[in-house]
Participant: 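Next up is a structure, given as structure tokens.
Numbered from 1 within each chain, the chains take letters A, B, ... in sequence-line order. Both backbone and side-chain heavy atoms feed into the values below; hydrogens, waters and symmetry mates do not.
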Protein chains: 2
Amino acid sequence: MALSDKQIRKMKAKRDKILDQAIILFSEHGYNDTTISKVAKASGVSFGSVFTYFENKEELFHHAVVERLKDLSPLLLDFNSNPEDPYKELESMIDKHIRLFANVGTYLRLVTQVIGQHQRFERQFKELDQFYRTFRYKIADLVAQGQSSGQLHREIDPITSSIAYTSFLMGIRLNLADQPEHDIWADFAPVAMQLFSPNIS
Amino acid sequence: MALSDKQIRKMKAKRDKILDQAIILFSEHGYNDTTISKVAKASGVSFGSVFTYFENKEELFHHAVVERLKDLSPLLLDFNSNPEDPYKELESMIDKHIRLFANVGTYLRLVTQVIGQHQRFERQFKELDQFYRTFRYKIADLVAQGQSSGQLHREIDPITSSIAYTSFLMGIRLNLADQPEHDIWADFAPVAMQLFSPNIS
DNA sequence: TGAAAATGATTGATCAATCAATCTTTAACA
DNA sequence: TGTTAAAGATTGATTGATCAATCATTTTCA
């Protein structure tokens with residue numbers, strides 16, 4: 001007796017709700033202080049139901065980290081690493097990234113936990129690290145373009161610039177822990193640009 | 001029957017050992033996965049002894065965060081915010097900070113946890129935040145000096161610069177999680193300088 | 001000898017995971 | 001259309017493990 005489409009949709013919605021609340025709770029209270037019971041209560045589901053959607057707590061955590069990454073990665077990679085005007089493209093990239101980081105504070109707090117305790121969360125860390133490698137290199141490509149065109153100084157290695165920039169984004173996110181307001185975040189876009197040593201300003 | 005000096009020294013050493021191991025374990029495995037039993041084993045002390053030196057686990061964590069901060073804060077504030085040559089002073093400050101951050105990775109991982117979960121670790125966060133305010137403003141003072149002297153562009157607000165710089169330091173620390181090697185860290189000093197928009201380069 | 005530190009077994013609380021019982025949905029058939 | 005039975009989702013009480021904290025006993029030291 002297979003499930004109807006309606007039923008499947010209903011269950012998917014339930015799963016999503018559990019995962020959403022898990023992300024919030026894990027990010028605010030950490031792995032151990034987020035009990036299955038709290039996740040169940042927060043998502044309006046019985047204790048036992050959590051286990052019909054996720055094999056165990058570790059698996060729930062894993063999906064919390066990995067599934068949201070899948071949503072975010074195309075947004076983070078949404079820039080052209082071989083554009084006509086690298087400087088303009090960098091500016092537009094920074095603008096997008098800053099907006100994005102300002103809005104995904106909860107998830108990035110979770111990411112911070114995984115990075116900070118990568119021994120403990122080895123499996124999740126590997127997933128994040130793999131994406132980060134792609135991200136880093138794509139930015140470095142764009143920086144290299146900028147340097148070739150003479151719009152950026154050549155003194156700094158593109159990969160170093162790229163690591164500096166991504167570190168800066170994460171650092172700002174940590175720093176402005178509870179300020180999603182765009183006004184504050186927008187102030188940091190010109191500062192981020194400085195990291196790439198522009199020749200013109 | 002008062003304790004002898006020798007005895008007091010011995011006990012202080014024991015307390016230090018417990019605290020040192022607690023910092024390592026808390027930073028690598030987080031609060032809940034660091035059991036008192038593990039701390040006791042790691043520091044070569046009986047389970048019960050931990051409680052003669054620290055009232056409870058929460059207190060042990062608090063001291064792990066706060067006491068190390070007391071050691072580090074004078075080192076972080078060891079620069080002149082009203083020097084003859086602000087540019088040179090900034091360079092020297094950055095150099096010191098980079099060296100320091102490269103060497104206190106374990107403790108900074110702990111700091112990251114407290115910041116990332118400031119609701120959960122409210123008391124510890126307040127202590128860190130109070131120091132950070134001082135730190136931030138002292139850097140901003142130096143930047144303001146640099147702007148007045150014309151060595152730095154005026155386009156960016158000194159406090160914004162200061163937040164950007166401290167965010168950058170923490171971000172790099174997160175990023176290079178397990179690389180205390182100075183070579184890699186040293187590459188980031190010139191990038192950090194860029195955050196202050198120097199007029200000469 | 002007595003005062004204080006050290007020890008680890010015990011206790012009570014908490015939590016992940018299981019599982020038997022119940023409820024809901026679906027499809028076959030009259 | 002109404003009835004029924006099977007499939008599968010939902011539930012929360014129970015279980016077993018883990019851990020912080022206590023405390024009675026032992027050890028150390030002046």
Participant: Taking the side chain of A:Q7 as heavy atoms from C-beta outward, which of C:dT7, D:dA9, D:dC29 is closest to it?
Facilitator: D:dA9
Participant: When we call it a touch if two heavy atoms are under 4.0 Å apart, what does A:Y53 touch: a base, just sugar-phosphate, or nothing?
Facilitator: sugar-phosphate
Participant: Can you tell me how far P of C:dT25 sits from CD1 of A:I8, to the nearest Å?
Facilitator: 14 Å
Participant: What does the B/S/- profile of nucleotides 15-27 of chain D look like, 5' to 3', with a 4.0 Å heavy-atom cutoff to protein?
Facilitator: ----SSBB-----
Participant: For B:Y165, run the side-chain contact (heavy atoms from CB on, under 4.5 Å) check against B:L90, B:I139, B:T160 and tell me which one passes.
Facilitator: B:I139
Participant: For D:dT28, does either OP1 or OP2 sit under 4.0 Å from a side-chain N or O belonging to B:K10?
Facilitator: no
Participant: If the cut-off is 4.0 Å, is A:S46 near the phosphate of D:dT10, judged by side-chain N/O to OP1 or OP2?
Facilitator: no
Participant: Can you confirm whether A:R15 is buried at CZ, in the sense that more than 12 heavy atoms of other residues, nucleotides or ligands lie under 6.0 Å from that atom?
Facilitator: yes
Participant: Send over the distance from B:I18 CD1 to C:dA6 C1', rounded to a whole Å.
Facilitator: 11 Å
Participant: Counting only heavy atoms not in B:R120 (residues, nucleotides, ligands), do more than 12 fall under 6.0 Å from its CZ?
Facilitator: yes
Participant: How many Å lie between CZ on A:R9 and C1' on D:dA9, as a whole number?
Facilitator: 17 Å
Participant: Between the side chains of A:D85 and A:Q151, is a donor N or O closer than 3.5 angstrom to an acceptor N or O?
Facilitator: yes
Participant: When the distance from CZ of A:F54 to P of D:dA9 is rounded to whole Å, what number comes out?
Facilitator: 14 Å
Participant: Can you check whether B:N80's main-chain N or O pairs, donor with acceptor, with B:E89's side chain at less than 3.5 Å?
Facilitator: yes
Participant: Establish, from distance only, whether the side-chain atoms of B:Y132 and A:N175 form a donor-acceptor pair under 3.5 Å.
Facilitator: yes
